[in-house]
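Every chain is numbered from 1 and lettered A, B, ... according to where its sequence line falls, protein lines coming before strand lines.
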Amino acid sequence: MNCDDLEKTSSLYLYDELRAEDRAAFETHLASCAGCRTRLEEARRLHRVLSECPQPEPTPELLVRCRQALDEALDREQLGWRGLLRGWMWQFGAAPAPRLAAVLTLLLFGFGLGWTLRPRARSLAPLTLSGTTSPFGASDLGDVRIRHISEVAPDPQSGGVRITLDAERRVTLEGSLDDPRIRQVLVDTVRGYDNPGIRRDTLDALRTHRDNPSVRAALLYALRHDANAGVRLEALKTVRGMQWGPDVHQALLGALEHDANPGVRVAAVDALVEHAVEEGENETVMPVLLKLAASDQNPYVRLQCLAAVRKMEGNEQ
Amino acid sequence: MVDGACLELVGKHETSREGEAEAERALIRRAQRGDRSAFDTLVRLYDQEVLRMTLRMVRSEEEAQDLYQEVFLKVYRSLGRFRLESRFSTWLYRVVTNVCFDHLRQQKSRSELPARAGADGELDYAQALADDRPGLNPEQALRAREISRRLEVALRQLSPRERMVFELKHCQGMKLRAIGELCGTSEEAAKNSLFRAVQKLRQDLSDLV
């Protein structure tokens, strides 16, 4: 290995990408060449500088936004003609090849037959919907979501077609949060709906009624148990504005001590300290802050806890 | 000495990994049959890593969000063609790499875009930094910001391929062989791209070294 080779492979050496024999040759040359040692030291410094550069990390809020936008895009995708086609293709794709061939032949035959008999169909028959569970009329077809198509049966005699499908209808509810039915939907959404973006929007909608007992319980539940840190943070902000009580105090203390996300823990520090300073009550908060100031794994949380302890001590004096 | 208990643990670990792989295959089969909830679950398994990759690749939340969506829509549209003998994660990361590569190429062909600026006129490089930024002391934080800003500018000077290989190597810590596979090229070509990228960065950032 000469100086040129070493120059070309120095980054591979630093990234530990050289094969054992190349690495040995690299180090042998390095031991005998002061110029290459200097150049490698420069390369090492650049490597260190690049490693000092903080890497961007997605925030919980960004993740929520991404998931929400994807969810909506997938809904559109599923409802479009491509979605329907894909649904059929997937079913056929899972079928063995002879069956697929048979299905395609039948389809071609059906279209051929339909084309041949086309002149017999004088006019379009009115669209009809049947089925005992169907909750809508023909004019409502525009807002149904097709979940599954179990049968498409062309009728050569009439030129029509019978489609058997499972559909669900999109419903828009509008009303005041004073209406217990509206409230119940929102509370159930906070507790159990699987889209975190919607859960966050729901928390926002419930903000004005946060002291209603069922809303209050749902908000505290979200703060304690929601799987998404962005939602928990939103819940904490709303809980912070609620009428203070032992349940709020316990939930915030729980978030401070046990939440996995440092952002939520810091927000809990702020909320608890604000209340403690206003009310002069810090018996339960101070020991937790002291413990976390010494032992929280996140340096920023430790720093905030320490600042909070000082603030509360200053307030006592 | 490796005792029996250790061997048993290793065995259990392997079994649980195989169990997870089988559960994932079952999920993929359901998603291939059009089960949306199975697809959503599949997304949740990988989307944080996908978002991290795209964010590090483009260093802009807005663009990363677009790329995230493009990746999963592509996966949704072509999942039916995925063969279960291959690893889903490898296939997915190849999609991520292709989407990011196309994006960088289009960005490059639209010529050198001005760096995104925030409301105060500062470059918007620090908008997605991790939560633990304040843990640094002020001098470190200032230096890190300066390096970040300079690095972002320097990265824009690289070709899409060089940038891709550099980000995957330096930020994701991937081996060059894997990078070559993801980028649809050889390990040797990935090595060359990395060499050229590092040379350019060294020139641009020489005063920081």
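At a 4.5 Å heavy-atom cutoff, A:Arg48 makes no contact with chain B through either its backbone or its side chain. Interface remark: A:Leu50 contributes backbone and side-chain atoms alike to the contact with chain B (heavy atom separation under 4.5 Å). With a threshold of 4.5 angstrom between heavy atoms, A:Ser10 approaches chain B through side-chain atoms but not through N, CA, C or O. Residue A:Glu7 touches chain B through both its backbone and its side chain, counting heavy-atom pairs closer than 4.5 Å.
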**Request:** Start with the C-alpha gap between A:Arg240 and A:Asp270, add the side-chain angles, then the distance that decides, and say whether side-chain contact (heavy atoms from CB on, under 4.5 Å) holds.
**Result:** CA-CA 10 Å; A:Arg240 199 175 170 171; A:Asp270 291 345; 3.8 Å; yes
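A donor atom on one side chain and an acceptor atom on the other are not found under 3.5 Å apart for A:Tyr193 and A:Asp188.
Between the CG atom of B:Leu42 and the CD atom of B:Glu24 there is a distance of 6.0 Å, given to the nearest 0.5 Å. If you take OG1 on A:Thr189 and CG on A:Asn195, they are separated by 10.5 Å, rounding to the nearest 0.5 Å.
Salt-bridge formation is not detected for the pair A:Asp296/A:Lys291: no Lys NZ or Arg NE/NH1/NH2 atom is positioned less than 4.0 Å from an Asp or Glu carboxylate oxygen.
Chain A forms the most heavy-atom pairs under 4.5 Å with one residue out of B:Arg202, B:Arg44, B:Gln199, B:Arg29, and that residue is B:Arg44. Ranked by heavy-atom pairs under 4.5 Å with chain A, the list B:Leu151, B:Asp47, B:Asp40 is led by B:Asp47.
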